[in-house]
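Labels below follow one simple rule: chain letters A, B, ... track the order of the sequence lines, proteins then strands, and each chain is numbered from 1. Since the structure is predicted, the reported quantities are computational estimates derived from the model, not experimental observations.
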Amino acid sequence: MPSEVFEFELNGRPTEVMARPLATLGHVLREQLELRAAKAGCRQGGCGSCTVLVDGAPVLSCLLPVANVAGRSVTTLESFGGEDRLQQVFHEHFAVQCGFCAPGMLIAARALLDRNPSPTRGEIAEALVGNVCRCTGYESIIDAIVASAAGRPPSASDREAGRLAEVTES
Amino acid sequence: MSGTMSQQPFHVIGRGVERRDGMGHVTGTTEYIDDVRYPGMLHLKMVRNPLVHARIKGIDLSEAEQVPGFVRALTAADVPKNVYTILCLIGVEPDEEQVLAAERARYRGEPIVAVVAETEAAALEAVSKVKLDLEELPAVFDVEEALKPDAPVVTHWGTNYFVYEGHHCRRIRYGDAAAARASADHVVEGTYQTSPTEHAPTETTGCIAKPEADGRITVHTNTQALYFSLDNTAIILQIEPARLHFMGGTVGGGFGGKVDVITEPIACLAALKTGRPVRYVYSREEEMRVSSTRSGNRIRIVDGVMADGRIVSREVATWHDAGAYSRHSPYGATKHAANVAGPYTIPNVSIDVHCVYTNRQPSSAFRGFGVTEASFAIEMQMDRIARQVGIDPWELRLRNAYRNGDERPYRKTVEDATLIETIQAAAELVGHSLAPELRELRS
């Protein structure tokens with residue numbers, strides 16, 4: 001199929017790209033628009049490292065054809081800016097080790113908190129089910145999201161607090 | 001904490017320390033190798049052995065060369081020193097792994113032809129059009145089968161085992177294990193098998209090599225062993241190491257899987273041959289099916305045990321599956337030999353660890369490799385002894401635990417032993433009541 005022009009909103013700004021309709025959104029973001037926060041971990045929908053938001057819902061950009069986002073709103077980690085509370089708690093809770101899964105994790109966490117501002121640990125785990133982490137361990141990631149949702153400034157005792165929340169639930 | 005401790009000028013102990021790279025990770029600005037792009041960058045993809053053990057009779061590039069965007073192909077003949085072994089840097093011999101398979105491919109997925117093209121899609125298409133003329137050879141997958149006289153030969157020297165200083169296996173002899181077993185009250189035998197496992201890092205293995213005007217090559221690599229890769233690349237390319245500028249340290253998960261020398265030599269060669277930057281990054285399928293794994297080990301243990309639970313002899317034979325090439329397996333098998341008596345003081349020990357070549361994809365480094373497998377087998381065996389002899393498994397371990405001043409089978413004296421105290425603390429944590437005399441034991 002020949003290339004076409006696709007228009008969509010990207011991180012709040014009108015954007016247009018020329019691409020083949022079946023080019024993936026991930027390819028367009030990383031190779032054409034040079035937004036490389038979303039990672040290409042498997043390019044087969046298995047790891048979640050490429051997760052972005054489309055109209056507020058988390059999607060795997062390595063599978064989604066760019067034609068599918070025409071006229072829609074795409075949000076990537078670049079829009080968070082570094083001051084976002086989720087980024088701060090991920091950093092302070094050691095919810096990142098090698099960091100490769102972090103962009104996808106943060107996007108999935110944002111989508112969750114936007115629709116459910118105070119999720120349980122079980123709901124957080126469910127929301128992250130499509131995101132693979134191989135080194136940090138999921139507990140510290142869940143702890144960070146718990147701390148973010150609770151609206152507390154992150155502290156050394158948050159990990160313990162996260163565990164208490166788990167105990168309280170069960 | 002005592003008063004003197006708190007007066008020490010500690011800046012790290014007892015405090016949370018901010019990760020230097022944390023903000024880069026959470027903002028998505030950390031630069032992993034595949035976030036690097038250069039104008040004119042070429043893409044390298046590999047033609048791999050589709051069989052297991054195969055003789056390579058011919059390679060036909062004619063159709064591949066017609067693919068739009070094809071730039072060039074590299075075969076074994078293009079590699080200045082095609083046969084190497086990673087640990088040659090520390091004197092390990094012989095050279096045996098091929099950068100690109102020449103006459104014989106020894107495992108499924110072994111690289112044979114590197115194709116360089118203008119785009120990744122063109123490289124993949126050209127790879128699909130390379131025609132290989134292969135003759136399938138008999139293959140061996142089982143470590144004990146591989147050591148039989150009539151087994152298919154994997155190596156180029158004729159026997160399927162790594163030679164340790166003239167010996168067919170890594171050996172430890174301490175006391176007289178056979179004699180001690182003969183006079184033991186019980187003989188406890190167990191065989192334990194571990195499976196190969198894949199590291200599965202979220203970021204696949206790869207590098208980008210860029211030739212510079214001054215003749216050097218800049219290499220962005222996610223290796224875990226920068227200088228292993230740099231030095232081996234210099235040896236394989238037969239160039240001065242000073243011509244290689246390796247930049248690494250940002251690794252999207254490794255766990256030992258990125259310790260081998262995999263992508264840099266061929267990417268550097270392609271960069272030199274084409275004069276352009278070359279990207280060679282594994283697909284997920286390559287990461288799963290071609291990259292090294294943890295070895296599968298078969299561990300056979302025969303212990304002589306007295307009625308009171310004292311282990312008086314331990315005889316171990318382990319077969320460590322190196323796969324088709326040794327990589328870090330000789331080292332892993334040696335670590336295994338050192339640890340497979342377990343953290344117990346046993347007066348008579350005999351250990352044979354065979355580092356065996358098979359036609360599996362090569363195994364190599366992976367978090368504690370050699371030791372992890374030993375610990376699994378040893379602790380399974382300890383539980384087996386407890387059941388067979390009829391002794392509490394806690395007591396069995398505490399009675400046999402090594403202590404400060406004991407000698408290990410490899411003739412080092414134990415210092416800083418804490419096994420007894422650790423087991424006592426574990427018992428308390430899980431609410432297991434130890435007999436008073438076991439609570440009083442000390443390392």
Side-chain angles (χ1 to χ4, degrees), chain A residues 20 23 27 30-31 34-50 52 62 76-107 109 131-136 144 154-159, chain B residues 14-39 41 43 118-121 124 197-206 208 220 222 224 248-258 279 281-289 366-367:
Chain A
R20 295 183 181 205
H27 180 83
R30 287 180 53 82
E31 306 301 332
E34 301 192 327
L35 294 179
R36 300 205 173 98
K39 301 300 172 204
C42 68
R43 299 204 259 181
Q44 55 190 30
C47 75
S49 309
C50 68
V52 300
C62 75
T76 71
L77 183 62
E78 279 88 349
S79 72
F80 284 29
E83 300 297 315
D84 189 282
R85 178 170 168 75
L86 259 177
Q87 291 173 310
Q88 295 294 328
V89 295
F90 263 61
H91 176 45
E92 293 174 28
H93 280 261
F94 288 85
V96 288
Q97 186 171 318
C98 85
F100 204 79
C101 71
M105 290 285 181
L106 284 157
I107 290 285
N131 294 78
V132 173
C133 163
R134 285 287 290 149
C135 43
T136 316
S155 72
S157 63
D158 271 345
R159 191 172 171 78
Chain B
R15 296 162 191 246
V17 178
E18 195 172 318
R19 285 188 68 105
R20 212 171 28 175
D21 53 5
M23 281 312 290
H25 290 351
V26 299
T27 54
T29 55
T30 297
E31 192 176 71
Y32 299 90
I33 53 133
D34 207 22
D35 297 329
V36 176
R37 291 289 178 267
Y38 288 115
M41 187 174 77
H43 299 262
E118 297 284 350
T119 65
E120 196 167 8
L124 286 168
T197 43
E198 163 55 34
H199 312 75
T202 46
E203 176 209 41
T204 60
T205 303
I208 293 174
H220 301 269
N222 59 21
Q224 291 177 259
T250 301
V251 183
F255 325 115
K258 290 171 178 165
R279 168 181 174 268
V281 178
Y282 269 9
S283 67
R284 178 56 55 185
E285 183 181 4
E286 287 175 304
E287 192 69 43
M288 292 300 289
R289 293 179 67 161
F366 195 150
R367 284 195 169 178

At a 4.5 Å cut-off on heavy atoms, which part of [X] comes close to chain A: side chain, backbone, both, or neither?
{"X": "B:Thr30", "value": "backbone"}
{"X": "B:Val36", "value": "neither"}
{"X": "B:Glu286", "value": "neither"}
{"X": "B:Phe255", "value": "side chain"}

**N-O pairing of B:Asp34 and B:Arg279 below 4.0 Å** = yes

Do you know which of [options] has the most heavy-atom pairs with chain B at a distance under 4.5 angstrom?
{"options": "A:Gly41, A:Ala95, A:Gly81, A:Cys101", "result": "A:Gly41"}
{"options": "A:Gly48, A:Gly46, A:Cys42", "result": "A:Cys42"}
{"options": "A:Glu78, A:Gln97, A:Glu34", "result": "A:Gln97"}

**Rounded distance [0.5 Å steps], CD in A:Gln87 versus CZ in A:Phe80** =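 Those atoms lie 6.5 Å apart.
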
**Item:** Test salt bridge (Lys or Arg N to Asp or Glu O under 4.0 Å) applied to A:Arg134 - qualifying residues, sequence neighbours left out
**Value:** none

**Asked** What's the verdict on side-chain contact (heavy atoms from CB on, under 4.5 Å) for A:Arg30 and A:Lys39, showing C-alpha distance, side-chain angles and the deciding distance?
**Response** CA-CA 8 Å; A:Arg30 287 180 53 82; A:Lys39 301 300 172 204; 4.1 Å; yes

**Residue list, side-chain contact (heavy atoms from CB on, under 4.5 Å) with B:Thr197, at least two apart or on another chain** =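 Testing B:Thr197 for side-chain contact (heavy atoms from CB on, under 4.5 Å), a comparison that skips the adjacent residues, returns B:Arg294, B:Phe366.
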
**Item:** A:Arg20 atom CZ, neighbour heavy-atom count above 12 within 6.0 Å
**Value:**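 12 or below, so no.
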
**Message:** In terms of relative ring orientation, are B:Tyr32 and B:His25 parallel, tilted or perpendicular, with 30° and 60° separating the classes?
**Reply:** parallel

**Asked** What part of A:Phe90 gets closer than 4.5 Å to chain B, counting heavy atoms only: side chain, backbone, both or neither?
**Response**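 For A:Phe90, backbone and side chain are both near chain B.
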
**Request:** Measure A:Gln44 against the heavy atoms of chain B and call it side chain, backbone, both or neither at under 4.5 Å.
**Result:** side chain

